[in-house]
Amino acid sequence: AEAGVAPGGRVDTKEWTRVPPTKAHRVLAAMHRAGLLHRLVQQNHDGLPQRAGMPQAAINEIHGSWYDPANPTVGFGEPLREDLFADMLAEELRC
């Protein structure tokens, strides 16, 4: 099995930092480089889009980040950061 992936395709929680970005993460990064994707709202904390090449400035990590101390993760039922929520809404209106 692939490093960090348990039998059946589940991520082994002991090895999550070794899980590589998926093809979807790499395609999103390529779309950004090609000018087809300007912003990405990321609800996971895993940093996989960044590891695939998506620049941090193009990502709104709406539920927080394990890798950015300035953006702590948000627990279930906790309020989202107002600035990130406003950014997400502004992008929606721009589209």
Side-chain angles (χ1 to χ4, degrees):
E2 189 176 336
V5 179
R10 295 182 322 275
V11 173
D12 181 347
T13 56
K14 297 175 190 168
E15 301 291 334
W16 64 265
T17 58
R18 294 176 50 202
V19 174
T22 66
K23 186 174 186 176
H25 293 110
R26 293 189 300 275
V27 166
L28 291 170
M31 289 175 65
H32 177 75
R33 286 191 301 275
L36 301 172
L37 178 66
H38 303 287
R39 299 278 291 156
L40 174 68
V41 175
Q42 163 80 339
Q43 67 178 3
N44 297 326
H45 315 296
D46 53 27
L48 291 175
Q50 294 91 323
R51 286 194 263 166
M54 189 81 171
Q56 183 65 44
I59 303 173
N60 177 335
E61 294 179 291
I62 194 74
H63 291 162
S65 172
W66 288 331
Y67 301 100
D68 181 1
N71 187 14
T73 59
V74 177
F76 183 77
E78 292 180 24
L80 300 174
R81 271 183 42 190
E82 289 184 25
D83 61 324
L84 295 179
F85 187 70
D87 176 70
M88 181 177 67
L89 292 179
E91 286 298 317
E92 181 182 15
L93 292 174
R94 191 177 73 78
C95 293

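Given the structure is predicted, the values throughout are model-derived calculations rather than measurements. Positions are given from 1, in the same order as the sequence printed here.
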Item to check | Residue pair His45 / His63, side-chain heavy-atom distance below 4.5 Å | outcome: yes

Next on the checklist: With a 4.5 Å cut-off on side-chain heavy atoms, are Pro55 and His32 touching?
Outcome noted: yes

Checklist entry - Does a salt bridge link Asp87 with Arg39, judged by any charged N lying under 4.0 Å from a carboxylate O? => result yes

For [X] against [Y], the heavy-atom pair lying closest together:
X     : Y     : result
Arg26 : Pro21 : NH1-O, 2.8 Å
Val19 : Leu48 : O-CD2, 3.4 Å
Thr73 : Trp66 : CG2-CD1, 3.6 Å
Pro79 : Val74 : O-CG1, 3.5 Å
Arg33 : Gly53 : NH1-O, 4.4 Å

Checklist entry - Does Ile59 belong to the same Ile/Leu/Val/Met/Phe/Trp/Tyr cluster as Leu36, with side-chain heavy atoms less than 4.5 Å apart forming each link? => result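 Yes, because Ile59 and Leu36 connect within a single hydrophobic cluster, where side-chain heavy atoms sit under 4.5 Å apart.
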
Checklist entry - Do Met31 and Leu40 share a hydrophobic cluster (ILVMFWY, side-chain heavy atoms under 4.5 Å, transitive)? => result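 Per the 4.5 Å side-chain linkage, Met31 and Leu40 are co-clustered.
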
Next on the checklist: Glu61 vs Gln50, test: side chain to side chain donor-acceptor pair (under 3.5 Å). Steps then yes/no.
Outcome noted: CA-CA 11 Å; Glu61 294 179 291; Gln50 294 91 323; 3.1 Å; yes

Checklist entry - Judged by atom type as modelled, is there a donor-acceptor pair below 3.5 Å linking the side chain of Asn60 to the main-chain atoms of Ile62? => result yes

Item to check | Gap separating the CG atom of Leu84 from the CD atom of Gln42, nearest 0.5 angstrom | outcome: 12.0 Å

Item to check | Worked check of side-chain contact (heavy atoms from CB on, under 4.5 Å) between Leu37 and Met54 | outcome: CA-CA 10 Å; Leu37 178 66; Met54 189 81 171; 3.8 Å; yes

Next on the checklist: What verdict does the side-chain contact (heavy atoms from CB on, under 4.5 Å) test give for Lys23 and Val27, after you've listed the backbone C-alpha separation in whole Å, the side-chain angles of each residue and the deciding distance to 0.1 Å?
Outcome noted: CA-CA 6 Å; Lys23 186 174 186 176; Val27 166; 4.3 Å; yes

